[in-house]
Number of protein chains: 2
Amino acid sequence: MEKIKILVVDDEARMRKLVKDFLVKKDYEVIEAEDGAKALDYFYNDKEIALIILDVMMPQMDGWQVCKEIRESSKVPIIMLTARGEERDELLGFQLGVDEYISKPFSPKILVARVEAILRRVIGEEKQEKMEAGGIVIDHAAHIVSVDGETVELSYKEYELLTYFMENQGIALSREKILNHVWNYDYFGDARTIDTHVKKLRNKLKDKGELIHTIWGLGYKFEV
Amino acid sequence: MEKIKILVVDDEARMRKLVKDFLVKKDYEVIEAEDGAKALDYFYNDKEIALIILDVMMPQMDGWQVCKEIRESSKVPIIMLTARGEERDELLGFQLGVDEYISKPFSPKILVARVEAILRRVIGEEKQEKMEAGGIVIDHAAHIVSVDGETVELSYKEYELLTYFMENQGIALSREKILNHVWNYDYFGDARTIDTHVKKLRNKLKDKGELIHTIWGLGYKFEV
DNA sequence: ACAATTATGTAATACTTTTGTCATAAAATA
DNA sequence: TATTTTATGACAAAAGTATTACATAATTGT
């Protein structure tokens, strides 16, 4: 099947690369544009683009302008990236038909989640809504986790962490890797934080907590 | 195929040599620069450099400055070496677009792993995930070792040691060589330590333990 | 906007496993 | 056989992890 194309517009190469890496991992085709003019150019020449991720702050032509131009001829979903602190002009965005905002720094998880939510809405494509392993079920649509049929209440981070583990069953994950995926990419906190979260998660999963194995000297692994 | 070029910048010749040795062994071409000015000079005159390893602490022009200069004209991946204790200015690094940090002392393994991870990300090359020899299988993704189908639990060092042996099948390895690869470069402990680890490893590998041959007066060799 | 609640990250401490060293036994070499 | 090198097992030291408590940040309800 043809891959879904996403256009990423940002003047910072690093940011484009970052976004691209995560989307490519999810099997999307990513086209990069370093400024508004190039973005419009790519967009007009490739009718297949399913979604645009647009940085607000760019020299020459900012994200709003690009958005406005595109909206004159297309209803393609647009996600706006806003910098930390930068105020969101929600109203302007609403008028221009922005579908979503994501504040930098963002976690890759959030980005991918938003992208998929929008595409699901627009394309109506169904994605993996449920995950199961060893009696643990995550229902992403309902945002509910159950262990042996019984619902357990997880906090946001715990939920993300468990999801990451279950997405990578049988794979040894270093703390660094976990931090990079579950936390924000620019989070430079203590890797020991993970221990605490793992502990809490294990507790809540009751006897299924032991499915999260400690790999001494390396990190953790989820395995049934 | 053309070798991939890596530029190593450090004022200490010892450190440069060390890094170079390991990278050369992995078939990279290494260019050394002893100060920031020379580094920039080499970099601007050789457009083929695929990655830069940069020491933070250097007289005249420190690593940050070099990094900043390079970032003004290039997106080449940069790994920063920081001394033990020296505080990492993560934020500054992030702004300058540092790709990775490695703290001295580091194990050669870590260094090579980071380099390959970055290059893989940039160049998009895949690495070997499984190794097999004489009924011993190492699954690096799962971090599992099995002997004749049965999983064996290895400690961190045992795992590293076995990996090193299997990477160098049929090659006689001196204790010194083993120390330099599996242990940190600044580990000056007793080479006899290896004997103990080899012993434990042999035990855990059961009858396959004898694949690790003792070479009297020299060291060890893994051979099927 | 405020207080109350909950979630998250950090630090300190307790705990566990791993690792290195040593003493001694065994084996190989000359 | 004397000497050098390696194997082995016990144990102390080091390093990694679990757990708890607490401060701070985020969220919720009023």
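Order of the sequence lines sets the chain letters (A, B, ...), proteins ahead of strands, with each chain counted from 1.
If you measure from atom CD of B:Glu158 to atom P of C:dT17, you get 14 Å, rounded to the nearest angstrom. Distance A:Glu153 CD to C:dA7 C1': 13 Å, rounded to the nearest Å. Rounded to an integer number of Å, the gap from B:Leu218 CG to D:dT4 P is 18 Å. Rounding to whole angstrom units, CG of residue B:Asp195 and P of C:dG20 are separated by 12 Å. B:Glu160 has its CD atom 12 Å from the P atom of C:dG20, to the nearest Å. Look at NZ on B:Lys204: it is 12 Å from P on C:dT17, rounded to the nearest Å. The interatomic distance linking A:Leu201 (CG) with D:dT19 (C1') rounds to 15 Å, in whole Å. As a whole-Å value, the separation of B:Asp190 CG from C:dA23 P is 12 Å.
Here the closest heavy-atom approach between residue B:Gly134 and residue B:Leu211 is recorded as O-CD1, 4.0 Å.
Dashed line: the shortest gap from a side-chain N or O of A:Thr214 to OP1 or OP2 of D:dT17 is not under 4.0 Å. Using a 4.0 Å cut-off, some side-chain N or O of B:Arg202 falls inside it from OP1 or OP2 of D:dA7. Taking only side-chain nitrogens and oxygens, B:Arg192 never comes nearer than 4.0 Å to OP1 or OP2 of C:dC22. Checking the phosphate oxygens (OP1, OP2) of C:dG9, a side-chain nitrogen or oxygen of A:Lys157 falls inside 4.0 Å. The shortest distance between the side-chain N/O atoms of B:Lys199 and the OP1/OP2 oxygens of D:dG9 is below 4.0 Å. OP1 or OP2 of C:dT8 has not a single side-chain nitrogen or oxygen of A:His197 nearer than 4.0 Å. Within the 4.0 Å cut-off from OP1 or OP2 of C:dT8, not a single side-chain nitrogen or oxygen of A:Trp183 is found.
Heavy atoms of A:Tyr220 sit under 4.0 angstrom from primed sugar atoms or phosphate atoms, though from no base atom. Within the nucleic acid shown, A:Ile194 has no heavy atom closer than 4.0 Å to any nucleic acid atom. Contact annotation for A:Ile215: backbone-only contact, meaning every heavy-atom pair under 4.0 Å involves sugar-phosphate atoms and none involves a base. Residue B:Leu154 is classed as having no contact, given no heavy-atom separation below 4.0 Å to the nucleic acid.
For A:Thr196, taking side-chain heavy atoms from C-beta onward, the closest of the listed nucleotides D:dA15, C:dT10, C:dT8 is C:dT10. The side chain of A:Ser155 lies closest to C:dA7 when the candidates are C:dA7, C:dA28, D:dT17.
Of the N and O atoms on the side chains of A:Tyr159 and A:His140, at least one donor lies less than 3.5 Å from an acceptor on the other residue.
Atom CD of A:Glu223 and atom CG of A:Asn168 lie 12.0 Å apart (nearest 0.5 Å). B:Leu162 contributes atom CG, which lies 14.5 Å from atom NZ of B:Lys157 (distance to the nearest 0.5 angstrom).
In B:Glu132, the CD atom is crowded: over 12 heavy atoms of neighbouring residues, nucleotides or ligands sit closer than 6.0 Å. Summarising the local packing, NZ of B:Lys177 is surrounded by 12 or fewer heavy atoms from other residues, nucleotides or ligands at distances under 6.0 Å.
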